[in-house]
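First the structure, in the form of structure tokens, and then the observations on it.
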Amino acid sequence: MSQKKIILTGDRPTGKLHLGHYTGSLAKRVELQDTCRQFVMIADAQALTDNADNPAKVRENILEVALDYLAVGIDPEKTTIFIQSMVPALAELTMYYLNLITWNRLKHNPTVKLEIQQKGYGEEVPAGFMVYPVSQAADITAFKATLVPVGDDQIPMIEQTVEIVRKFNRLYKTETLVEPEIVASTMARLPGLDGKAKMSKSLGNAIFLSDAPDALAKKVKGMYTDPTHLKVEDPGKVEGNPVFTYLDAFGQDKSKIEELKAHYKKGGLGDSIVKKYLLDELTAFLDPIRRRREELAKDPKHVMDLLFKGTQAANLVAEATLKDVKRAMGIDYFG
Ligand code: TRP
């Protein structure tokens with residue numbers, strides 16, 4: 001048996017991926033695929049928990065997310081990329097795990113609570129949405145993943161997965177399921193273009209990996225900076241100024257960035273000059289990604305083929321775990 005660490009992670013296909021996804025987890029995935037056995041899942045079933053009225057949107061974004069993955073360098077030779085709903089063992093595991101967690105515990109998941117609030121569900125939250133952290137536990141444990149590289153909004157999901165794993169193993173006196181741990185990003189969380197804490201598609205404050213050069217230029221130009229930095233001569237704030245946070249994340253010349261920061265703090269450096277510098281750095285980062293993406297997008301059948309192969313491989317692993325789970329529970333009636 002290989003001692004390689006196992007990774008399972010994924011994204012809901014509800015839109016194209018953006019720079020926040022890159023710093024939050026895509027960068028880690030590209031790095032870790034060389035040393036770990038990595039599974040990356042396009043979480044269409046989870047996306048449907050709050051998009052049941054719009055499956056077409058989910059369907060269309062499967063290809064978009066796959067293109068984003070391939071364009072940033074997730075390599076299908078090293079990473080198994082697959083579609084969640086086409087691995088039925090995940091749904092079955094979810095059924096069994098639902099009995100190991102209380103309704104009360106689900107109601108207190110902070111990420112789910114926040115999402116319910118943002119979506120304005122109140123008491124009318126879809127039941128599937130309420131329990132998606134349990135299906136996430138199924139995703140992770142089906143692959144016996146030990147590492148889950150995700151953004152920090154996903155921490156409560158990993159905690160709940162660990163609880164389910166412990167409960168399962170204790171209850172059924174087994175070591176079938178494996179406890180995962182989160183792999184935190186080593187990059188700072190990327191604020192939105194508007195300076196809000198998080199870059200997000202729904203907040204409309206994101207730079208997408210696929211943004212065309214003119215869209216990118218427009219977004220950078222319109223970025224929020226230090227609102228007290230009115231005149232060029234005014235001293236400006238670097239902390240909490242997204243232009244500098246992005247430079248820290250994507251700028252190549254660290255000493256040049258330090259120089260710009262010092263100048264900005266002292267006064268005499270205009271926002272438009274820093275933004276122009278940032279635009280050049282982002283362009284250097286995003287251009288090759290966008291080009292690769294455009295190339296891959298010419299042959300969607302090839303991409304779907306890769307997903308098909310990945311899904312076949314994922315099914316083998318998840319089915320084996322489901323078998324182990326049923327055996328541990330003593331419900332493998334026909335052997
Ligand atoms: N919840 C993740 C997101 O919002 C997607 C996801 C589903 C996931 N299952 C997972 C992430 C398992 C990590 C592990 O994008």
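Computation of the quantities below employed the complete heavy-atom set of this structure, encompassing side-chain atoms and omitting hydrogens, waters and symmetry-equivalent molecules. Order of listing sets the numbers, starting from 1, for every ligand and every atom in it.
Between Met329 and Lys326, the closest side-chain pair of non-hydrogen atoms is not below 4.5 Å.
For the pair Met41 and ligand 1, a heavy-atom separation below 4.0 Å is found.
Only the side chain of Gln154 comes within contact range of ligand 1, with a heavy atom under 4.0 Å; no backbone atom does.
Atoms of ligand 1 found under 4.0 Å from any heavy atom of Ala43, numbered from 1 in the order shown, are 7 (C). Ligand-side atoms of ligand 1 in range of Val150: 11 (C), 13 (C), range being under 4.0 angstrom from any heavy atom. Within ligand 1, the atoms closer than 4.0 Å to a non-hydrogen atom of Val148 are 13 (C), 14 (C), numbered from 1 in the order shown.
Looking only at heavy atoms of the protein, atom 4 (O) of ligand 1 is closest to Arg12 NE, 3.3 Å. Closest to atom 14 (C) of ligand 1 among all protein heavy atoms lies Leu8 CD1, 3.6 Å. Nearest protein heavy-atom neighbour of atom 8 (C) of ligand 1: Gln136 NE2, 3.4 Å.
Panel note: side chain His302, backbone Asp299; no donor-acceptor pair is recorded below 3.5 Å. Within the 3.5 Å criterion, the main-chain N or O of Asp75 finds a donor-acceptor partner in the side chain of Gln33.
Here Phe168 and Tyr96 keep their ring centres 6.0 angstrom or further from each other. In summary, the aromatic rings of Tyr246 and Phe285 are positioned with their centroids too far apart to meet the 6.0 Å limit.
Considering backbone and side-chain atoms together, Gln46 places an N or O closer than 3.5 Å to an N or O of ligand 1. Residue Asp139 has at least one N or O atom closer than 3.5 Å to an N or O atom of ligand 1.
Few gaps surround CD on Glu233; more than 12 heavy atoms of other groups in view lie less than 6.0 Å from it.
Rounding to the nearest 0.5 Å places OH of Tyr22 at 10.0 Å from CG of Leu286.
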